[in-house]
A.B. asks: 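One structure coming up, written as structure tokens, with questions to follow.
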Number of protein chains: 2
Amino acid sequence: MKFFGNIYYLYTKDLFKIKMKRKVTLKQISKELDVSISTVSKALRNSKEISEDTREKVQAFAKLYNYRPNNIALSLKNRKTKTIGIIIPEIVHHFFSKVIRGIELVANKQGYNVIVGLSNESFDKEVINMEMLANGSIDGFILSISKETLLQQDYHHFNETISQGMPIVMFDRVINDIKCDKVIVDDVQGSKKAVNKLVENGCKKIAIITTKDYVSVGKLRTQGYLEALDENKIHPEASLILKVDDKLVSEDYLDILEREIEHLFKSNKKLDGVFAVNELYAITAMKVARKFGKHIPNDIQVIGFTDGVLSKHATPSLTTVSQHGQKIGEKAAELLIHKLEHEDEEEQFQTIVIETELVERESTK
Amino acid sequence: MKFFGNIYYLYTKDLFKIKMKRKVTLKQISKELDVSISTVSKALRNSKEISEDTREKVQAFAKLYNYRPNNIALSLKNRKTKTIGIIIPEIVHHFFSKVIRGIELVANKQGYNVIVGLSNESFDKEVINMEMLANGSIDGFILSISKETLLQQDYHHFNETISQGMPIVMFDRVINDIKCDKVIVDDVQGSKKAVNKLVENGCKKIAIITTKDYVSVGKLRTQGYLEALDENKIHPEASLILKVDDKLVSEDYLDILEREIEHLFKSNKKLDGVFAVNELYAITAMKVARKFGKHIPNDIQVIGFTDGVLSKHATPSLTTVSQHGQKIGEKAAELLIHKLEHEDEEEQFQTIVIETELVERESTK
DNA sequence: TGTTAACACGAAAACGTTTTCGTTGCGAAT
DNA sequence: ATTCGCAACGAAAACGTTTTCGTGTTAACA
């Protein structure tokens, strides 16, 4: 007990540290017990190279001092960190936080940690964040692409990390011709379910409130809307399609949104159905409808996309297309971890489609 | 160019890897350039020990092959990881994700990464997550305590990590007698602001919908309610205090909540003001009020706590006590990073109180 | 007695850095 | 002709592990 005796502490500079039990290392244990580092290591891993005597002695000592192997040292040695890097555009967002929860769930179960970077919808922050993590901190990425990146169509950072042997799994906002696994929802199908529901319920004039086309999911949902109309022999009308520009997240963003929707209502007096590609658009549509004295769902029926808090707790509660964010996260994590632990197998990439589900609530008949 | 020539690749097993540019290390560069590892390292750090000639040569080569120092190796050497561990009870939650955003913001600005663990309100998961991270993966914790931990009052894991020299910053749900920095909102003051507002607006019978007392913030907010009543010479009534048990997050949780609030309304016909300690309770109270044919804010005024999506987008929109989650996160990160980078300074702990703000919307007059 | 085999352990390399402390070679000063 | 000093570089340790490959001791066997 040379090292851990009280004498030692008398020599430390900072008095307050007297009560500190610094993390103990193999080397320290080996000195205490007068054996080699290798012996300690082996004893702790129950190697049968070591006699029962010393094995017990070492393990008892290690337990007493609460020895835990240093993760960083292990990472360096194994060249694996057992942590997953997540890059998402925004965390204050029901869908993304559900995805994270899903990732964390399966990652943790398999002994992985999760480290989060936020791009804040910015290309530069996306790149910087990825570079920070790609230098050894993580084993692979799970990410959803920022709007700015989608707009600029500059994907070199993805290709570079992939070519360095670091696997990526993309979800929700993905790029087709990048060599990685993908987890997406069937946006087209989901939209069709929604629009079909409205048609079934007797709607004749159905509007869509969507984003500009560079947001891939917005584009796909618009496509689903159009296809559904077509299948129901309804002629699409330009005035029924509202494409909101959500590039600028300014202060008066909400007001602008509201005014645009008001305009939509005004120019379509006979409007009796609204399909919105996200919760906010849907909620705002309901608000505007109320303003115009329309009753939901009697006069106008509304369906949203994404089953978040807003949909659940709005009044009337919102019928919506649920994308199962948590399941997306779980699947993405499974894909990534599989790839990490079977690196030898031949390279091939999957795109997994998570089924959407129409959750019916009070905003439809 | 012995190593990087094409010849090398012909010998690799996996053909698909031919296009891989594996991460390059100091050792590889040193071999290529026929200098020592030390020289390369120094050259890259612009040491004036190295001649301009070789310095340029090395830097050019490094740039060409996109050399980046390996984070893990640096962490091991410096015994600092430059990453912060966050443990929170739940991520699908507006307040917590705002806090994370705040943490990430200042952490990133200072070159730190952020690694997230979810306790899911469970004591065990909290402990396991902390142990996973405490073994070298991070430099310090920012955390909010799980309900189960608060209930069991078992704080050994906090004390242990602290005594191992790893600093902790707690936010929102904190324990007083643990030696660490804390960032809290002034729950008592916040509640008083809300209740005072209701009194000012003419409310005579003000109810509170709160949690059981083991949730520290619930207890404090209840205390604020009582103090405000007292200061306004209003006698508190037991029947106006509803303490909801949110331990079990079951399926019919919402129904139970609604029924309890209905009971509150029934047993207090003259109810004209409601203060709820979170968004959900407030929203549900508004729902129940509507059910009872009461108009908001004319018949009943409602104020909530936490300025999340629900408050903003509810109809009527909800007057609420904003806690500034993002600012809490920013402050917590500042505190932790300061402690990490001034370890020598004498130990003393701060508790920072973030002012709440009453955001007035449509649910009050 | 000499060989062998099992047993129990230690030395050292490796992961990728940084940094301290040499060690050269060479021109200048004595 | 020495000594000195400086410039330019390399060796090695250290961070904390795991693992391979010795090596010495002892017991068993021929």
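Reminder, nothing fancy here: chain letters follow the sequence lines and each chain counts from 1.
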A.B. asks: Side-chain donor-acceptor pair under 3.5 Å between Asn120(B) and Glu126(B), yes or no?
C.D. replies: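 No donor-acceptor contact under 3.5 Å links the two side chains.
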
A.B. asks: Could you please name the option among dA8(C), dT17(D), dC15(D) that lies closest to any side-chain atom of Ala73(A)?
C.D. replies: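 Looking only at heavy atoms from C-beta outward on Ala73(A), the closest nucleotide is dT17(D).
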
A.B. asks: Would you say Ser38(B) reaches dA12(D)'s phosphate, i.e. side-chain N/O to OP1/OP2 under 4.0 Å?
C.D. replies: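 Answer is no, no contact under 4.0 Å.
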
A.B. asks: Reckon Ser51(A) touches a base, only the sugar-phosphate, or nothing at all at heavy-atom distances under 4.0 Å?
C.D. replies: sugar-phosphate

A.B. asks: Strictly by modelled atom types, are Glu131(A) and His157(A) linked by a side-chain donor-acceptor pair under 3.5 Å?
C.D. replies: no

A.B. asks: Report yes or no: do Thr54(B) and Ser51(B) form a side-chain donor-acceptor pair below 3.5 Å?
C.D. replies: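 The criterion, which ignores hydrogens and geometry beyond distance, is satisfied for Ser51(B) and Thr54(B).
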
A.B. asks: In terms of ring plane angle, is the pair Phe123(B) and His156(B) parallel, tilted or perpendicular, where the classes change at 30° and 60°?
C.D. replies: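 Plane angle between 30° and 60°, so tilted.
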
A.B. asks: For Ile72(A) and dC15(C), give me the distance from atom CD1 to atom P, rounded to whole Å.
C.D. replies: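 The distance from CD1 of Ile72(A) to P of dC15(C) comes to 18 Å, rounded to the nearest Å.
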
A.B. asks: Taking OP1 and OP2 of dT18(D), is either one under 4.0 Å from a side-chain nitrogen or oxygen of Ser41(A)?
C.D. replies: yes

A.B. asks: Hey, are Ser146(B) and Thr149(B) close enough side-chain-wise for a donor-acceptor pair under 3.5 Å?
C.D. replies: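 Thr149(B) vs Ser146(B): donor-acceptor pair found between side chains.
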
A.B. asks: In terms of side-chain heavy atoms of Leu26(A), which of dT17(D), dT19(C), dG10(C) is nearest?
C.D. replies: dT17(D)

A.B. asks: Taking the side chain of Arg45(A) as its heavy atoms from C-beta onward, which of dC15(D), dT17(C), dT19(D) lies nearest to it?
C.D. replies: dT19(D)

A.B. asks: When we call it a touch if two heavy atoms are under 4.0 Å apart, what does Thr25(A) touch: a base, just sugar-phosphate, or nothing?
C.D. replies: sugar-phosphate

A.B. asks: Using only side-chain N and O atoms of Arg79(B), determine if any of them is under 4.0 Å from OP1 or OP2 of dA14(D).
C.D. replies: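 Looking at the OP1 and OP2 atoms of dA14(D), neither is under 4.0 Å from any side-chain N or O of Arg79(B).
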
A.B. asks: At 4.0 Å (heavy atoms only), tell me whether Lys27(A) reaches a base, stays on the sugar-phosphate, or touches nothing.
C.D. replies: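 Contact class for Lys27(A): sugar-phosphate only.
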
A.B. asks: What contact category does Ser75(A) fall into here, base, sugar-phosphate, or nothing, at under 4.0 angstrom with non-hydrogen atoms?
C.D. replies: nothing

A.B. asks: Nearest nucleotide by nearest heavy atom, which residue falls closer to the 5' end of DNA chain D, Glu52(B) or Lys77(B)?
C.D. replies: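 First, find each residue's nearest nucleotide; the 5'-ward one identifies Glu52(B).
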
A.B. asks: Between Lys48(B) (NZ) and dT19(C) (C1'), how many Å, whole number?
C.D. replies: 17 Å

A.B. asks: Taking all heavy atoms of Ser119(B) and all of Lys125(B), pick out the closest pair and write down the distance.
C.D. replies: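 Of all heavy-atom pairs spanning Ser119(B) and Lys125(B), the closest is O-CB, 3.4 Å.
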
A.B. asks: Taking atom P of dT17(C) as reference, at what distance in whole Å does atom CD of Gln28(B) sit?
C.D. replies: 9 Å

A.B. asks: What is the distance, to the nearest angstrom, from the NZ atom on Lys80(A) to the P atom on dG16(D)?
C.D. replies: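 Distance check: Lys80(A) NZ to dG16(D) P gives 24 Å.
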
A.B. asks: From C-beta outward on Glu49(A), which listed nucleotide comes closest to its side chain: dT20(D), dG10(D), dA14(C)?
C.D. replies: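 Per side-chain heavy atoms of Glu49(A), the pick is dT20(D).
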
A.B. asks: Taking only N and O in the side chain of Thr39(A), is any of them less than 4.0 Å away from OP1 or OP2 of dC9(C)?
C.D. replies: no

A.B. asks: Rounded to whole angstrom units, what separation is found between the CG atom of Leu76(A) and the P atom of dA14(D)?
C.D. replies: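 To the nearest whole Å, that distance equals 17 Å.
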
A.B. asks: At less than 3.5 Å, do the side-chain atoms of Lys23(B) and the base atoms of dG16(C) form a donor-acceptor pair?
C.D. replies: no

A.B. asks: Looking at every strand, decide which applies to Leu74(B) at a 4.0 Å heavy-atom threshold: base, sugar-phosphate, or nothing.
C.D. replies: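 Touches sugar-phosphate only.
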
A.B. asks: Please report, rounded to the nearest Å, how far the P atom of dC15(C) is from the CG atom of Asn78(B).
C.D. replies: 20 Å

A.B. asks: Whole-Å distance between dT18(C) P and Ile50(B) CD1?
C.D. replies: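 Rounded to the whole Å, the gap is 13 Å.
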
A.B. asks: Tell me: NZ of Lys82(A) to P of dC15(C), nearest whole Å?
C.D. replies: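 For the pair Lys82(A) NZ and dC15(C) P, the rounded distance is 21 Å.
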
A.B. asks: Which part of the nucleic acid, if any, lies within reach of Arg68(A) when heavy atoms closer than 4.0 Å are counted: base, sugar-phosphate only, or nothing?
C.D. replies: sugar-phosphate

